[in-house]
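Okay, structure first, notes after.
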There are 2 protein chains.
Amino acid sequence: MTYTIAQISEKFDVAASTLRYYEEIGLLTNVERTDNGRRVYSDAHVGRLSAINCFKKAGMSISEIQDFFEYEKNEEKSIDDMMRLLRRRSEIMLEEFAESYESYEHILKKLDYYGHIEKAVKQKKQLPKWANYRNKDYHQQALETIMQRLKKD
Amino acid sequence: MTYTIAQISEKFDVAASTLRYYEEIGLLTNVERTDNGRRVYSDAHVGRLSAINCFKKAGMSISEIQDFFEYEKNEEKSIDDMMRLLRRRSEIMLEEFAESYESYEHILKKLDYYGHIEKAVKQKKQLPKWANYRNKDYHQQALETIMQRLKKD
DNA sequence: ATAATACTTAAAGTACACTTTAAGTCAACA
DNA sequence: TGTTGACTTAAAGTGTACTTTAAGTATTAT
């Protein structure tokens, strides 16, 4: 299959200018042209853009993604570099998951705390100095939700 | 307790220039000065910087963080806005956790796939056209690791 | 006394990842 | 036939979040 820039742009929800930019910096390569100079993308480009999406969500910078494709290009020579890059990335992601999850819990705590305050304000009651910010049910449910999402395999 | 800019800089692993910048844009407020004009930070600033750290890890932009503190300043008036911001953020985080985790799995898959290739190359054996990229043990272990990290409560 | 250090300011500079602009080409439709 | 719309290029511009520079002041160490 072949695709126009508009089709790829829509498929990946990315601006046409971004696709031209990716090509300019060498993130997309071998983009064919029609007789009148218009870009023609192939399934290989679809595959590469999926990979780019994945790597971006994984927190990789464009230059890291470029490195990956560079390694992939001469696989035999660079397989160790490639695996080192991927392994490092998976480690970083694990660390970031843990840190983000801590922040997530802090935000739930704040929500819970202000929930108590709001309730008290609405009931025009005296506030306890420190509202009991830890609502176990709320946390438990949130943890279960995230576990389920992480598990959907 | 009071702290110099160097102490705060070290405590939060943030450049002194960044602390000045945060003050300039109003993210840090009420920073006192010594007689000769040097900044003096208090425990309130330590608390605020912890919150900033948390919000940044939660993926909030500086202007969102500014909004939060603005809401917090006049709590009674803005508690709904504040809770809306926090609730929206927790939702976004959950979505991002799910997306990141998908990418994480893709990266493990790639690692596994190239692991097979590397092994085959080293053994100078014929490669199967598509190596069986799914090593259940590897995935299971990774999932358990992340679950543990997410659970450390 | 001199030099190193730790700070101060305002303003300019940087890195990243695009995005916009301006001018032009080409094919299809009214 | 003309104009609309989808593309093309090269170059300049944008937003975010800092970071660096340059010039100056004040305290501490040799």
Side-chain angles (χ1 to χ4, degrees), chain A residues 2-42 45 48-49 51-70 85 89 92 96 99 103, chain B residues 2-42 45 48-49 51-70 85 89 92 96 99 103:
Chain A
T2 61
Y3 311 87
T4 65
I5 198 165
Q7 286 168 332
I8 294 289
S9 171
E10 214 209 321
K11 194 177 178 71
F12 288 96
D13 191 28
V14 60
S17 60
T18 303
L19 294 169
R20 292 189 204 102
Y21 167 70
Y22 282 175
E23 195 180 334
E24 192 186 319
I25 63 172
L27 206 52
L28 291 175
T29 50
N30 309 318
V31 180
E32 304 291 325
R33 300 302 182 106
T34 63
D35 289 349
N36 50 67
R38 298 190 171 184
R39 286 171 177 79
V40 177
Y41 296 93
S42 70
H45 296 110
R48 174 154 288 203
L49 278 161
I52 290 170
N53 267 193
C54 168
F55 289 149
K56 294 193 85 180
K57 276 177 198 155
M60 282 167 67
S61 69
I62 283 197
S63 85
E64 265 183 304
I65 300 175
Q66 282 172 323
D67 286 347
F68 177 85
F69 292 134
E70 201 51 47
L85 189 156
R89 179 53 43 186
I92 290 169
E96 286 177 354
E99 285 185 359
S103 298
Chain B
T2 62
Y3 312 88
T4 65
I5 199 167
Q7 286 168 333
I8 294 289
S9 171
E10 214 209 321
K11 192 176 179 73
F12 288 97
D13 192 27
V14 60
S17 60
T18 303
L19 294 169
R20 292 189 203 103
Y21 167 69
Y22 282 176
E23 196 179 334
E24 192 186 319
I25 63 172
L27 206 53
L28 291 175
T29 49
N30 309 317
V31 180
E32 304 291 323
R33 300 301 182 105
T34 63
D35 288 349
N36 50 66
R38 296 189 174 184
R39 286 171 176 79
V40 177
Y41 296 93
S42 70
H45 296 110
R48 175 156 286 204
L49 279 162
I52 291 170
N53 268 191
C54 169
F55 289 149
K56 294 192 83 179
K57 275 176 198 156
M60 281 166 68
S61 68
I62 282 197
S63 84
E64 266 184 303
I65 301 174
Q66 281 173 324
D67 286 348
F68 177 84
F69 292 135
E70 202 52 46
L85 189 157
R89 180 51 45 185
I92 290 169
E96 286 176 355
E99 284 184 0
S103 297

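Lettering of chains follows the sequences in order, A, B, ..., and the numbering in each one begins at 1. Computation of the quantities below employed the complete heavy-atom set of this structure, encompassing side-chain atoms and omitting hydrogens, waters and symmetry-equivalent molecules.
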Using a 4.0 Å heavy-atom cut-off, does [X] contact any base of the nucleic acid, only the sugar-phosphate backbone, or nothing at all?
X: B:R20; answer: base
X: A:I5; answer: sugar-phosphate
X: B:A6; answer: sugar-phosphate

Expressed in angstrom and rounded to an integer, what is the separation of [X] atom [atom1] from [N] atom [atom2]?
X: B:D13; N: D:dT19; atom1: CG; atom2: P; result: 10 Å
X: B:Q66; N: D:dA17; atom1: CD; atom2: C1'; result: 11 Å
X: B:E24; N: C:dT8; atom1: CD; atom2: C1'; result: 13 Å
X: B:E23; N: C:dA10; atom1: CD; atom2: P; result: 11 Å
X: B:I62; N: D:dT19; atom1: CD1; atom2: P; result: 10 Å

5' precedence on DNA chain D between A:R38 and A:R33 (nearest-nucleotide basis): A:R38

Nearest-neighbour nucleotide for the [X] side chain, [options] considered:
X: A:N36; options: C:dT19, D:dC7, C:dA27; answer: C:dA27
X: A:Y21; options: C:dT19, C:dC7, D:dT9; answer: C:dT19
X: A:S61; options: C:dC18, D:dC18, C:dA17; answer: C:dA17

A:Q7 atom CD, neighbour heavy-atom count above 12 within 6.0 Å: yes

Minimum-distance pair of heavy atoms, taken over all atoms of A:I65 and A:K56: CD1-CG, 3.8 Å

